[in-house]
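Order of the sequence lines sets the chain letters (A, B, ...), proteins ahead of strands, with each chain counted from 1. In this text the structure is predicted, and so the values were computed from the model without any measurement.
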There are 2 protein chains.
Amino acid sequence: MFDDSAPGTDRPLAGRATFLLSQLGFHVAQTFAARLAPLGIAPNHFGLLMHLERSEGNTQQQLADALGIHRKVMVGLLDELEQRELVERRRHPSDRRAHAIHLTEAARHLLPRARQVADQHEDEILTPLDAGERAELVAVLQRLAEHTGNAAGVHPGLHQPATRSRQPAD
Amino acid sequence: MFDDSAPGTDRPLAGRATFLLSQLGFHVAQTFAARLAPLGIAPNHFGLLMHLERSEGNTQQQLADALGIHRKVMVGLLDELEQRELVERRRHPSDRRAHAIHLTEAARHLLPRARQVADQHEDEILTPLDAGERAELVAVLQRLAEHTGNAAGVHPGLHQPATRSRQPAD
DNA sequence: CTGTTATTGTCCGGTACGGTGACAGTTACT
DNA sequence: AGTAACTGTCACCGTACCGGACAATAACAG
């Protein structure tokens, strides 16, 4: 595994923070998707549901803006969530061309479980670190994330297929 | 039943290390691909070229094993690199059915530039951190990466697009 | 009030990519 | 020799992304 540990000449990939971030980020996304799969949702669904919790009745356009994605992607996302009966497209009270998106009761039951999954996942990923190190890591990552210019809580890869159908076979 | 979820005040996504890792990892991959694009190669090409530097004359199968990908992916990767005249498929001295992969002179000229791009990229990403914090971050990330079980230096998303030149316009 | 323009949400088609199965050439084993 | 195993390649297929176009509705000018 640690074959290419050539010290000296050029820094190996595993010594670059950028590579580690990309590698870990990918792994985290993969495993989180696998953990979430039994609940019938993908990570992007989870993010959307969490956002919906605080923005009941918003239009699809508002949601798309908030998550930094295109309206078309929101259509697909909501289609999937609606099919799982986690959201409802109701009539918007003041704008009849828009939909007011609401969480269903099922979603309110699902969300705590999903959050628990996320907590377990986080705990597993951070196993090697103690509490202090975890807090410090989060603080550092937040500083880095802030510097990137990405809005807080907005995942730039939300348009991606969200790593679906990757059964926890590995 | 268990109303343990305080509505609206749960830990936001931006407070989870897993989300930050995924978000940052994606952003890093994106921007690195953009930075590497002018050189005519993608991040996975870069990783392969770096590996080839130390394993001249290996077969495609050996390379695929080392990078943790399938032989078929290696075919495509080498096709692209060969088209850019960065690698050569020579006759394997002892096994006539296999190819011996070698870097070209152009690749030896390109690699230092690519490494420089990677250094600049790393420096930009880590701008908010001082030298001590950077070293500590790398150390922590290495511990986490080791715990995931992924081989060091092997990017689990090597099969993914990761290659597309996403304009940093957004 | 009427007509024009902008917005919302949806659908459709082209395009590219990842993943799978089969295939020729070569080697290794009996 | 003859057969099994391996390497590298190709062709196929299902799927996801991206663009434009569209109906319905709203907002606004005159």
Undergrad: Determine whether a donor-acceptor pair (one donor, one acceptor, N or O, separation below 3.5 Å) exists between the side chain of B:Lys72 and the base of C:dT20.
TA: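 For B:Lys72, whose side chain was compared with the base of C:dT20, there is a donor-acceptor pair (under 3.5 Å).
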Undergrad: Measure distances between side-chain N and O atoms of B:Arg71 and base N and O atoms of D:dT7, and say whether any donor-acceptor pair falls under 3.5 Å.
TA: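 Counting by modelled atom types and ignoring angles, no donor-acceptor contact under 3.5 Å is found here.
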Undergrad: State, yes or no, whether a side-chain contact exists between A:Leu77 and A:Ile69 at a heavy-atom distance under 4.5 Å.
TA: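 Yes; the side chains approach each other to less than 4.5 Å.
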Undergrad: Nearest-Å distance, CG (B:Asp65) to P (D:dG8)?
TA: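 About 10 Å, once rounded to whole Å.
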Undergrad: Determine: side-chain N/O of A:Gln60 to OP1/OP2 of C:dT10, distance under 4.0 Å, yes or no.
TA: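 Yes, within the criterion.
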Undergrad: For the CD atom of A:Glu136 and the CG atom of A:Leu141, what is their distance to the nearest 0.5 Å?
TA: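 Answer rounded to 0.5 Å: 10.5 Å.
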Undergrad: Choosing from D:dC6, D:dG8, C:dG21, which nucleotide comes nearest the side chain of B:Thr59?
TA: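 Of D:dC6, D:dG8, C:dG21, D:dG8 is nearest to the side chain of B:Thr59.
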Undergrad: Enumerate the residue pairs fulfilling ring pair (Phe, Tyr, Trp, His ring centres under 6.0 Å) with a member in residues 110-148 of chain B, sequence neighbours excluded, ordered by first and then second residue.
TA: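 Listed once each, the pairs are B:Phe32-B:His121.
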Undergrad: Tell me whether the OP1 or OP2 atom of C:dT26 has a side-chain N or O from B:Arg96 closer than 4.0 Å.
TA: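 True: B:Arg96 side-chain N/O within range (under 4.0 Å) of C:dT26 OP1/OP2.
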Undergrad: For B:Thr18 and A:Glu122, does a side-chain donor sit closer than 3.5 Å to a side-chain acceptor?
TA: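 There is such a pair (donor and acceptor under 3.5 Å, judged by atom type) between the side chains of B:Thr18 and A:Glu122.
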Undergrad: Can you find a pair of side-chain heavy atoms, one from B:Val87 and one from B:His102, that are under 4.5 Å apart?
TA: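 Heavy-atom side-chain distance check fails, nothing below 4.5 Å.
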Undergrad: Take the protein atom CZ of A:Arg91 and the nucleotide atom P of C:dG9, then report the distance between them rounded to whole Å.
TA: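 Distance check: A:Arg91 CZ to C:dG9 P gives 12 Å.
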Undergrad: Closest to the B:His99 side chain: C:dT26, D:dT9, C:dT8?
TA: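 Looking only at heavy atoms from C-beta outward on B:His99, the closest nucleotide is D:dT9.
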Undergrad: Of all the choices, C:dA6, C:dT10, D:dT9, which nucleotide is nearest to the side chain of B:Val75 once you look at every atom?
TA: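 Nearest listed nucleotide: D:dT9.
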Undergrad: I need the CD-C1' distance between A:Gln61 and D:dT25, as an integer number of Å.
TA: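 It is 15 Å, rounded to the nearest whole Å.
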Undergrad: B:His92 NE2 to C:dG25 C1': how many Å, rounded?
TA: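 Answer to the nearest Å: 16 Å.
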Undergrad: Rounded to whole Å, how long is the line connecting atom CZ of B:Arg97 with atom P of D:dT7?
TA: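 Whole-Å distance recorded here is 6 Å.
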Undergrad: To the nearest Å, how far apart are B:Asn58 CG and D:dT7 P?
TA: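 Going from B:Asn58 (CG) to D:dT7 (P), I get 13 Å.
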Undergrad: Between C:dT10 and A:Arg89, is there an OP1 or OP2 to side-chain N/O distance shorter than 4.0 Å?
TA: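 Indeed, a polar side-chain atom of A:Arg89 lies that close.
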Undergrad: Using atom CG of B:Asp95 as one end and atom P of C:dC29 as the other, report the distance to the nearest whole Å.
TA: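 Interatomic distance, CG of B:Asp95 to P of C:dC29: 12 Å.
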Undergrad: How close or far is atom P of D:dT9 from atom CG of B:Leu78, stated in whole angstroms?
TA: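 That distance rounds to 8 Å.
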